[in-house]
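Each remark here refers to the structure printed beneath this line.
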Amino acid sequence: MLEIILCSLVTVLPDYLYRRYAQGKRLGREITLFSVWYELRFGLITCLMLTVALITMIFYFHPSTTSATLYYRTVPIVPEVAGRVAAVNIELSAAVKQGDVLFRLDSAKQDAALLTAKRKIAEVDAAMLAAQADIMKAEGQLQEAKGSLQQAQDELDTKTELQRRSPGMVPQRDIEKLSVAVAGRRGSLDAVTASKQSAMVRVSALLPAEKASAEAALAEAQVDLDKTFIRAGVDGRVEQFGLRPGDIVNPMIRSAGVLIPEGAGRRALAAGFGQIEAQVMKVGMVAEATCISKPWTIIPMVVTSVQDYIAAGQFRGGEQLIEAQNTVRPGTILVFMEPIYKGGLEGVTPGSSCIANAYTSNHDLISSGKVGAFKSFALHVVDATGVVHAILLRIQALLLPIKTLVLSGH
């Protein structure tokens, strides 16, 4: 309607003024309700053509959409293990901080595993003390074996020297007995040395490895115990949380509730524009939006991101070929817009439906001097027509509460 009024001011109105004052035709006489088409046919046709061209230009260069929403992602409250709820620490719609315990599962099994792991470490520590005592004992036995070997070796050397100097003075049988005794005591020395080395290996390698395994088992048991405490991953608010002590929770069946992160849905507005406007939508475009949860308010925004892909064309590999006719509705260009001023989205409920306009600006191109006079004038016209869409958005913002509360059947 606004476009028709503007176009009629430069088409129908001049045609009427020409008929009335130049040709002397009077309203109600020559120009009647039945002769309007014939008398003002040139103005009406020109008005219609200009209106269609103006509407096309406005909607192409200054696109608008009613598919704009403050999307936000929630965090499902899902335990890592299944179990019976032992205690619940929060109520429905409670504000939580990161790390707060939401609820706790029964942990009897995990407590027992943790205690067993601690006992195992204590056993390894006791075995370490015993092994160190075995080393000290082996050192004493080693000294004793060395002394016995040295004594037997000295006695053998003495009697062997006497036998060499005075043959027959020492019985040969005694020398043989001493040789056997030296060999036996040398074997005892080797056995004690091996026993000491075995004890040292236990202290330096075997028992530390067992302790490391026990500590790993303790850490694993502690992790399993910690999994029974379900904590908030981020600051936010818990919704749809109705657990009570005694309930059985299973991560494979359903979540225990929903955690809405603090500030979710308050950073950017996601809007879907028509595919025909893909060549117009650019990062940095000025935009405006009005949301149903904050009526009668225009929020200045700027386009920060334009998705290069249309979601309607996405497919998953499967057993059947894609049938193009199944995509009935054409997809849209997803555009992200953020408020120009800090706190611009305050008061807008996350998930609210909005109406958004984006405006093409050719100011930089015009001021660069790289375009001719005619094209510069055309670009000025394109930029100026954005005012019409801005007016339409404000009319929509004004009528949105009335349309919602009165005309929608409330």
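Quantities reported herein were computed from a predicted structural model and do not represent experimental measurements.
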Drop me the distance from L218's CG to T116's OG1, to the nearest 0.5 angstrom. 10.5 Å
Heavy-atom pair with the smallest gap, counting every atom of P245 and A86: CB-O, 4.0 Å
Find the distance between CD (Q110) and CG (L225) and round it off to the nearest 0.5 Å. 6.5 Å
One pair to check against side chain to side chain contact (heavy atoms under 4.5 Å, CB included): L206 and E210. What are the steps and the verdict? CA-CA 6 Å; L206 180 60; E210 291 182 358; 3.9 Å; yes
Ignoring hydrogens and geometry, is there a side-chain-to-backbone donor-acceptor pair from S352 to C291 under 3.5 Å? no
Determine whether T297 and T290 satisfy the following criterion, side chain to side chain contact (heavy atoms under 4.5 Å, CB included), listing intermediate values before the conclusion. CA-CA 6 Å; T297 303; T290 180; 5.5 Å; no
Taking every non-hydrogen atom, the tightest pair across V238 and F241: CG1-CB, 3.4 Å
Decide yes or no for D235 and V96: does some side-chain heavy atom of the first lie under 4.5 Å from some side-chain heavy atom of the second? no
Apply side chain to side chain contact (heavy atoms under 4.5 Å, CB included) to residues H389 and Y359 and explain how you reach the verdict. CA-CA 9 Å; H389 229 175; Y359 304 104; 4.1 Å; yes
With a 4.5 Å cut-off on side-chain heavy atoms, are L114 and Q222 touching? yes
Checking T56 side chain against L54 main chain: does a donor-acceptor pair fall under 3.5 Å? no
Answer whether the closest heavy-atom distance between the side chains of L398 and W296 falls below 4.5 Å. yes
Below 4.5 Å, heavy atoms only, C-beta onward: do I298 and L393 meet side chain to side chain? yes
Would you kindly say whether Y309 and Q314 are connected by a side-chain donor-acceptor distance under 3.5 Å? no
Looking at side-chain heavy atoms only, is the closest gap between P79 and K227 below 4.5 Å? no
If I compare all heavy atoms of A232 with all of L102, which pair ends up nearest, and what's the gap? N-CG, 4.0 Å
Under 6.0 Å from the NZ atom of K375, do we count more than 12 heavy atoms belonging to anything else shown? no
Heavy-atom closest contact (G344 atom, K294 atom, distance): O-NZ, 4.3 Å
Please report the shortest heavy-atom distance between S376 and I366, naming the atom on each side. OG-CG2, 3.4 Å
With a 4.5 Å heavy-atom cut-off, do L269 and M301 have their side chains touching? yes
Closer than 3.5 angstrom, by distance alone: can the side chain of D106 be matched with the main-chain N or O of V85 as a donor-acceptor pair? no
Quick check for you: to the nearest 0.5 Å, what is the distance between L392 atom CG and I58 atom CD1? 7.0 Å
Any donor-acceptor pair under 3.5 Å linking the side chain of H62 with the backbone of V382? yes
Could you give the distance from CG (D226) to OG1 (T228), rounded to the nearest 0.5 Å? 7.0 Å
Donor-acceptor contact present, side-chain Q98 to main-chain G233, <3.5 Å: yes
Are R267 and E338 close enough for a salt bridge, meaning some N to O gap below 4.0 Å? yes
Contact between E277 and I333 at the side-chain level, heavy atoms closer than 4.5 Å - yes or no? no
If you measure from CE on M49 to CD1 on I45, what distance do you get to the nearest 0.5 Å? 8.5 Å
Take L400 and I292 through the side chain to side chain contact (heavy atoms under 4.5 Å, CB included) test and state the conclusion after the steps. CA-CA 7 Å; L400 190 59; I292 194 171; 4.1 Å; yes
Distance-only, no hydrogens or angles: does the R231 side chain make a donor-acceptor pair with backbone N or O of V101 under 3.5 Å? no
Main chain of G331, side chain of Q275: is a donor-acceptor contact present, judged purely on distance under 3.5 Å? yes
Taking every non-hydrogen atom, the tightest pair across F103 and I77: CE2-CG2, 3.9 Å
Side chains of V75 and P261: closer than 4.5 Å at any heavy-atom pair? yes
OH-CG distance between Y71 and L334, expressed to the nearest 0.5 angstrom: 7.5 Å
Do other residues, nucleotides or ligands put more than 12 heavy atoms under 6.0 Å from I276 CD1? no
Do other residues, nucleotides or ligands put more than 12 heavy atoms under 6.0 Å from the CD atom of E239? yes
Verify the neighbour count for atom CD of Q240: are there more than 12 heavy atoms of other residues, nucleotides or ligands below 6.0 Å? no
Is T65 reaching over with its side chain to a backbone N or O of G272, donor-acceptor style, under 3.5 angstrom? yes
SB check E288 R394 (cutoff 4.0 Å): yes
For atom CD of E215, decide whether the heavy atoms of other residues, nucleotides or ligands shown that lie under 6.0 angstrom number more than 12. yes
Check whether any side-chain N or O of D247 sits under 3.5 Å from a backbone N or O of R244 as a donor-acceptor pair, and report yes or no. yes
